[in-house]
Amino acid sequence: MNYSTRQLFSLTKKPPDVTKNRKLKTEQLLKVDDHDFTMRPAFGGPAIPVGVDVQVESLDSISEVDMDFTMTLYLRHYWKDERLTFTSSTNKSMTFDGRLVKKIWVPDVFFVHSKRSFIHDTTTDNIMLRVFPDGHVLYSLRVTVTAACNMDFSRFPLDTQTCSLELESYAYTDEDLMLYWKSGDESLSTDDRISLSQFLIQKFHTTSHLAFYSSTGWYNRLYINFTLRRHIFFFLLQTYFPATLMVMLSWVSFWIDRRAVPARVSLGITTVLTMSTIITGVNASMPRVSYIKAVDIYLWVSFVFVFLSVLEYAAVNYLSTVQDRRERKMRDEIRERSLPCTCGMSQTRTMILDGNYSEADTNSLAGYTSGTMVSEEDVEMPHEVMNEKQTPGEHMVVHLSVSSESTTTKKKGIRALKIIQNTHAIDKYSRMLFPGSYILFNFIYWCSYCIGA
């Protein structure tokens, strides 16, 4: 074989697969094929301790409507498996990706009350496995989980919520697997840059308890607890201030003339509809709970104040109509009782002046001959006497008489129903009563919820 042929043969020969050789060496080094990894370490013996620590990367969202939260975290497990021991002159660990995880035993930890969860896979599965020569194993993965959180909205939006992310072994009871926090409270670490738009994260802490299932037994359960305090400023701008302004706007009608019906009615209807829109908007972003929230109390009391201002004008308008009708009827009765006798007068005109007359009425007396006031005694006098008192010409009889009985009755009625019948008094008292009551309500409301927070 000449030189050119040997050169061609060397170019066409495939190089050895280093990856496969390395894989075989790794499997042989860890003795993966020599053991049954479907069983836990020390199977049949005492429970294997599995330490856990968590680093919270982000708290993505809090949903009041779905009553859940979404969190991204690094979940790390620590345990010892004698089957994975290997000899090493440098005593260094070996690190693997997620492909080896499928070949060995790992704890079956799951998230209790989780709705959705996934392991990140960009650009590859975010899984890391680190094996030490003495058989200790570190198993880490990056996961995002959405879990339920039982929220209490009785103090919303002045509320504080406490949520928990719970970890537990799915198959192994406390007799087979002992799940615990590796370093106590220091097992949980968080990023200082974690923040939420509506909440202030007050604290993170860890706890652990035993969970019992009637059909399977007792399990170790770990808790990641965190407390959230809601920011109130957003709701002050979007809910409380608009509601307060609508209530104050409804008081403007107390200073509008009671005869301006379109102005006062349209103002009342506008404020009522605006309050209804605010209430609907707040409830649209909240779950349909069966108890009253703090914001409901404020909005509905504000709605009642706005509605009462509309009813106040309805009462003013109705009582004004009733009062005008009574005065008109009383005026007619006085006119009928006060008509004088005009016997023997060629041309007579009678004017009933009950105290409410204008300058035009007095000027209309010009051109008439002044005559003597005709009293009831004069009415009863004979015609001869009356004729002697008459002055030829045109006469005008002005009869100013008010029945003492009717006057006394009217004064009593006004004294007894002074506030009710005087429509100006209703508006006057409303100008003080409505703002005073609303200020008192606000004082009690904010003291009750802010001091008790």
Side-chain angles (χ1 to χ4, degrees), residues 19 22-57 72-111 117 119-121 124-143 145 165-190 206-210 218-224:
T19 304
R22 180 61 183 168
K23 181 177 179 182
L24 290 175
K25 291 181 181 180
T26 301
E27 291 178 351
Q28 292 175 357
L29 181 62
L30 296 179
K31 304 176 183 178
V32 175
D33 296 332
D34 296 342
H35 302 281
D36 184 6
F37 283 96
T38 59
M39 295 184 294
R40 69 174 179 85
F43 182 78
I48 175 176
V50 177
V52 175
D53 68 33
V54 171
Q55 179 179 347
V56 179
E57 180 183 10
T72 300
L73 50 89
Y74 297 95
L75 178 61
R76 304 185 183 99
H77 310 75
Y78 302 86
W79 74 94
K80 184 177 182 180
D81 192 342
E82 298 287 349
R83 297 170 293 185
L84 296 177
T85 58
F86 61 93
T87 58
S88 175
S89 58
T90 59
N91 199 27
K92 290 185 178 180
S93 62
M94 293 193 301
T95 303
F96 307 94
D97 57 17
R99 287 173 286 187
L100 185 62
V101 173
K102 300 178 182 180
K103 295 181 177 294
I104 64 172
W105 181 90
V106 293
D108 59 340
V109 175
F110 78 104
F111 298 100
S117 61
I119 299 174
H120 291 259
D121 55 0
T124 60
D125 291 341
N126 297 171
I127 297 175
M128 186 268 289
L129 187 69
R130 182 171 295 170
V131 182
F132 295 85
D134 59 354
H136 282 87
V137 181
L138 166 60
Y139 173 47
S140 176
L141 63 156
R142 181 169 175 256
V143 60
V145 56
L165 182 62
E166 305 172 12
L167 295 84
E168 183 182 306
S169 173
Y170 189 83
Y172 298 102
T173 64
D174 61 339
E175 297 178 354
D176 292 322
L177 189 146
M178 184 179 66
L179 205 62
Y180 68 98
W181 290 112
K182 185 176 183 296
S183 303
D185 290 336
E186 296 181 358
S187 301
L188 178 63
S189 60
T190 59
T206 60
T207 55
S208 59
H209 299 284
L210 286 175
W218 294 90
Y219 294 83
N220 295 112
R221 182 176 295 181
L222 306 181
Y223 297 83
I224 302 174

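Start at 1 with the first residue, then count along the sequence. Quantities reported herein were computed from a predicted structural model and do not represent experimental measurements. Quick note: numbers below take in every heavy atom, side chains included, and nothing from hydrogens, waters or symmetry partners.
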**Student:** Nearest 0.5 Å, what's the CZ-OG1 distance between R221 and T207?
**Tutor:**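 One finds 10.5 Å between CZ of R221 and OG1 of T207.
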**Student:** Grab the two heavy atoms, one from V131 and one from L84, that are nearest each other, plus how far apart they are.
**Tutor:**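 The pair with the smallest heavy-atom distance is CG1-O, 3.8 Å.
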**Student:** Which heavy atom of Y180 sits nearest to which heavy atom of P49, and what is that distance?
**Tutor:**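 Answer, listing the atom of Y180 first, then P49: CE2-CB, 3.8 Å.
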**Student:** Could you give the distance from CG (D174) to OH (Y219), rounded to the nearest 0.5 Å?
**Tutor:**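 Here the rounded value is 9.0 Å.
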**Student:** Please examine the side chains of D97 and I127, heavy atoms only from C-beta on, and report whether any two atoms are closer than 4.5 Å.
**Tutor:**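 I127 does not reach D97 side chain to side chain.
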**Student:** Just verifying a value: how many Å separate L167 CG and Y223 OH, rounded to the nearest 0.5 Å?
**Tutor:**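 The CG atom of L167 sits 10.5 Å away from the OH atom of Y223.
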**Student:** Checking the side chain of S169 only, and the main-chain atoms of Y172 only, is there a donor and an acceptor separated by less than 3.5 Å?
**Tutor:**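 Confirmed, S169 side chain pairs with Y172 backbone.
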**Student:** Any donor and acceptor pair, going by atom type alone, linking the side chain of N126 with main-chain N or O of T124 inside 3.5 Å?
**Tutor:**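 Yes, N126 side chain to T124 backbone: donor-acceptor pair under 3.5 Å.
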**Student:** Report yes if some heavy atom in the side chain of V54 is under 4.5 Å from a heavy atom in the side chain of L222; otherwise report no.
**Tutor:**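 No, every pair of side-chain atoms sits at 4.5 Å or beyond.
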**Student:** Main chain of G98, side chain of D125: is a donor-acceptor contact present, judged purely on distance under 3.5 Å?
**Tutor:**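 Side chain of D125 to backbone of G98: no pair is present.
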**Student:** Search all heavy atoms of W105 against all heavy atoms of R40 and return the closest pair with its distance.
**Tutor:**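 Answer, listing the atom of W105 first, then R40: NE1-CA, 3.6 Å.
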**Student:** Please walk me through it: do Y74 and E57 pass side chain to side chain contact (heavy atoms under 4.5 Å, CB included)?
**Tutor:** CA-CA 7 Å; Y74 297 95; E57 180 183 10; 3.9 Å; yes
**Student:** If you count the non-hydrogen atoms of other residues, nucleotides and ligands that lie under 6.0 Å from OH in Y170, is the total more than 12?
**Tutor:**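 No, the 6.0 Å shell around OH holds no more than 12 heavy atoms from other groups.
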**Student:** Just how far is it from atom CG of L73 to atom CG of D53, taken to the nearest 0.5 Å?
**Tutor:**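 One finds 11.0 Å between CG of L73 and CG of D53.
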**Student:** Are the side chains of K182 and R76 in touch, meaning some heavy atoms are under 4.5 Å apart?
**Tutor:**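 Not touching, per the 4.5 Å side-chain cut-off.
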**Student:** When you measure from the side chain of H77 to the backbone of Y139, do you find a donor-acceptor pair of N or O atoms at a distance under 3.5 Å?
**Tutor:**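 Yes; judged by distance alone, with no hydrogens or angles, the pair exists.
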**Student:** For the pair I224 and W181, evaluate side chain to side chain contact (heavy atoms under 4.5 Å, CB included) and give the outcome as yes or no after the intermediate values.
**Tutor:** CA-CA 10 Å; I224 302 174; W181 290 112; 3.6 Å; yes
**Student:** State the CE-CG distance between M128 and L100, to the nearest 0.5 angstrom.
**Tutor:**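 It is 13.0 Å, given to the nearest 0.5 Å.
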**Student:** With a 4.5 Å cut-off on side-chain heavy atoms, are L138 and L129 touching?
**Tutor:**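 No, too far: nothing below the 4.5 Å cut-off.
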**Student:** Can you confirm whether L75 sits close enough to F111 that some side-chain heavy atom of one is under 4.5 Å from a side-chain heavy atom of the other?
**Tutor:**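 The answer is yes, as the side chains (C-beta and beyond) meet within the 4.5 Å cut-off.
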**Student:** In Å, rounded to the nearest 0.5 Å, how long is the span from OG1 of T38 to CD1 of I104?
**Tutor:**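 One gets 13.0 Å once the value is rounded to the nearest 0.5 Å.
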**Student:** Short question: side chain of W218, backbone of T173 - any donor-acceptor pair under 3.5 Å?
**Tutor:**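 Side chain of W218 to backbone of T173: no pair is present.
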**Student:** As a quick check of understanding, evaluate side chain to side chain contact (heavy atoms under 4.5 Å, CB included) for V50 and V109, giving each step before the final call.
**Tutor:** CA-CA 10 Å; V50 177; V109 175; 5.6 Å; no
**Student:** Could you tell me whether the side chain of P41 reaches within less than 4.5 Å of the side chain of R83, counting heavy atoms only?
**Tutor:**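 They are in side-chain contact.
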**Student:** Checking L177 against W79 for the side chain to side chain contact (heavy atoms under 4.5 Å, CB included) test, could you report, in this order, the C-alpha distance in whole Å, the side-chain angles of both residues, the deciding distance, and whether it holds?
**Tutor:** CA-CA 10 Å; L177 189 146; W79 74 94; over 6 Å; no
